[in-house]
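As structure tokens, the structure follows; a few thoughts come after it.
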Amino acid sequence: MIARKGEVGVIVLALLFGAALPAMAQESEGTGSEFLPEIAAFFKVSELSRIIALGSYSNLEGSNEPEYELGLFWDHRLSDRIQLRGGYRYKQSNPEDGPVKRESRIQLQAELRLPVSKKVLATDRNLVELRWIDGNPSQRYRNRLTVESEIVGLFGKAHTFYGSAEVFYDTRYEAWNHQEYTAGVQTLLSQKLLVDIYYQRQDDSRSSPKHINAVGLTLQLFLDARRKHETGVVIDPPPVKTP
């Protein structure tokens with residue numbers, strides 16, 4: 001029964017990617033493509049909290065403007081349904097024919113997790129960003145709804161199939177100018193390593209190009225900062241004194 005559910009999940013994901021491929025192949029004016037590699041490390045500091053460090057790279061096809069991004073965050077789980085996160089992101093782009101562009105962001109977010117059924121989980125994320133783009137301050141609000149389902153047993157691994165939709169409100173334009181639609185799968189390769197592969201459609205009424213079809217690959221490392229490494233040296237306890 002588990003294998004059949006896994007097969008269904010693979011078919012669904014294949015259909016999602018299949019639907020995306022024609023859009024990516026038929027590039028037209030106002031539409032671009034992008035590859036989004038990222039690595040993130042999760043350091044557990046308590047049963048409820050962890051520190052997250054990440055780095056990513058992107059380069060919109062044909063733009064010759066690579067972007068690098070670094071981030072550091074603090075995660076805290078209030079309950080099984082509510083999780084908070086705060087942190088800082090720095091992004092820098094290096095265009096070949098112009099000055100370096102820099103952006104600093106303070107991010108504050110709250111997630112609410114709601115079980116839809118025994119196998120399906122929905123998550124509503126609310127994120128506020130305080131931004132400084134080349135020194136100019138602005139703010140942005142983002143709301144993302146994610147639906148996911150975990151399948152255990154396919155190829156001997158645990159897989160989470162998910163889809164999400166996110167909307168952005170930018171104070172620079174006083175408008176809901178950006179939307180992102182994502183479909184992907186996360187595979188737990190071991191207790192310390194997870195790989196996330198996804199397709200993402202980005203629509204933005206105030207940017208050029210206005211539409212981007214992106215494929216992302218994220219590696220997530222899970223480490224326990226509390227665990228002491230063994231030294232290999234055995235120290236005998238002191239002898240017990242007898243009265």
Side-chain angles (χ1 to χ4, degrees), residues 1-17 19-20 36 38 40-52 54 71 73-87 107-129 140-169 176 178-202 216-224 226:
M1 188 65 179
I2 292 177
R4 290 178 183 175
K5 290 181 180 179
E7 292 168 1
V8 170
V10 171
I11 292 172
V12 170
L13 187 65
L15 291 174
L16 290 170
F17 275 89
L36 304 173
E38 181 177 296
F42 297 76
F43 299 92
K44 191 173 183 179
V45 294
S46 73
E47 291 302 320
L48 300 177
S49 300
R50 58 187 180 177
I51 296 173
I52 304 170
L54 62 85
F73 304 89
W74 176 273
D75 247 4
H76 184 72
R77 180 164 54 87
L78 292 180
S79 67
D80 291 339
R81 293 193 175 185
I82 301 176
Q83 184 164 314
L84 304 177
R85 177 180 297 181
Q107 295 184 318
L108 303 171
Q109 77 174 47
E111 284 186 354
L112 176 62
R113 300 183 178 184
L114 299 172
V116 177
S117 67
K118 188 176 180 180
K119 296 290 185 179
V120 179
L121 176 68
T123 302
D124 181 46
R125 187 192 74 172
N126 291 275
L127 172 60
V128 174
E129 295 181 314
R140 188 164 63 177
Y141 168 71
R142 300 164 56 175
N143 180 264
R144 183 181 70 191
L145 179 63
T146 303
V147 178
E148 61 186 73
S149 180
E150 185 180 65
I151 297 172
V152 179
L154 184 64
F155 307 121
K157 304 295 181 181
H159 312 271
T160 300
F161 295 86
Y162 67 91
S164 68
E166 185 171 8
V167 293
F168 296 62
Y169 181 86
W176 298 90
H178 188 92
Q179 302 85 41
E180 291 182 358
Y181 307 95
T182 308
V185 57
Q186 297 179 339
T187 300
L188 190 63
L189 299 179
S190 68
Q191 292 183 344
K192 295 184 178 181
L193 180 61
L194 179 146
V195 60
D196 182 5
I197 302 174
Y198 61 90
Y199 161 75
Q200 186 176 86
R201 171 73 175 192
Q202 301 175 16
L217 174 63
T218 301
L219 296 179
Q220 298 182 8
L221 305 175
F222 300 95
L223 306 170
D224 195 336
R226 306 168 302 168

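By convention here, the first residue in the shown sequence is residue 1.
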Practice problem: Determine whether Gln83 and Thr123 make a side-chain contact, defined as any pair of heavy atoms from C-beta on separated by less than 4.5 Å. | Solution: no
The reported gap from CG in Leu54 to CG in Leu219 (rounded to nearest 0.5 angstrom) is 12.5 Å
Contacts of Tyr169 meeting ring-ring contact (aromatic ring centres under 6.0 Å, His included) (sequence neighbours excluded), chain-then-number -> Trp176
If only side-chain N and O atoms count, and only distance matters, is there a donor-acceptor pair under 3.5 Å linking Gln202 with Gln200?
yes
Interatomic distance, CG@Leu36 vs OH@Tyr198, rounded to 0.5 Å, equals 4.5 Å
- Message: Quick one, Gln107 and Leu127 - any side-chain contact, counting heavy atoms below 4.5 Å?
- Response: yes
Rounded to the nearest 0.5 angstrom, the CZ-CG distance for Arg81 and Asp124 is 13.5 Å
For residues 146-157, which side-chain N or O atoms pair as donor and acceptor with protein atoms under 3.5 Å away, sequence neighbours left out?
| residue | atom | partner | partner atom | Å |
| --- | --- | --- | --- | --- |
| Ser149 | OG | Lys119 | O | 2.9 |
| Lys157 | NZ | Leu189 | O | 3.0 |

Open item on the list: Quick one, Asp224 with Lys44, criterion salt bridge (Lys or Arg N to Asp or Glu O under 4.0 Å). Give me CA distance, side-chain angles, the key distance, then yes/no.
Closed with: CA-CA 5 Å; Asp224 195 336; Lys44 191 173 183 179; 5.3 Å; no
In Leu112, Leu108, Asn143, the residue satisfying side-chain contact (heavy atoms from CB on, under 4.5 Å) with Asn126 is Asn143
Shortest non-hydrogen pair, Tyr162 vs Ile197, comes out as OH-O, 4.5 Å
For Arg113 and Asp80, the nearest pair of non-hydrogen atoms, with its separation, is CD-O, 4.2 Å
In terms of heavy-atom contacts, Val195 and Leu217 come closest through CG2-CD1, 3.6 Å
All heavy atoms of Leu84 vs all of Asp75, minimum pair found to be O-OD1, 3.4 Å
Stepwise side chain to side chain contact (heavy atoms under 4.5 Å, CB included) test for Thr182 and Arg144
CA-CA 10 Å; Thr182 308; Arg144 183 181 70 191; over 6 Å; no
Across all chains, not counting sequence neighbours, the ring-ring contact (aromatic ring centres under 6.0 Å, His included) partners of Phe43 are none
Trp74 and Ser49 have their tightest heavy-atom pair at CZ2-CB, 3.5 Å
Could you tell me if the side chain of Gln186 sits less than 4.5 Å from the side chain of Gln220, heavy atoms only? yes
The reported gap from NE2 in His76 to OG in Ser46 (rounded to nearest 0.5 angstrom) is 7.0 Å
**Request:** Start with the C-alpha gap between Arg125 and Glu166, add the side-chain angles, then the distance that decides, and say whether salt bridge (Lys or Arg N to Asp or Glu O under 4.0 Å) holds.
**Result:** CA-CA 9 Å; Arg125 187 192 74 172; Glu166 185 171 8; 2.6 Å; yes
Between Ala165 and Tyr181 the two heavy atoms that sit nearest each other are CB-CD2, 3.9 Å
So CZ of Arg142 and NE2 of His178: to nearest 0.5 Å the spacing works out to 7.5 Å
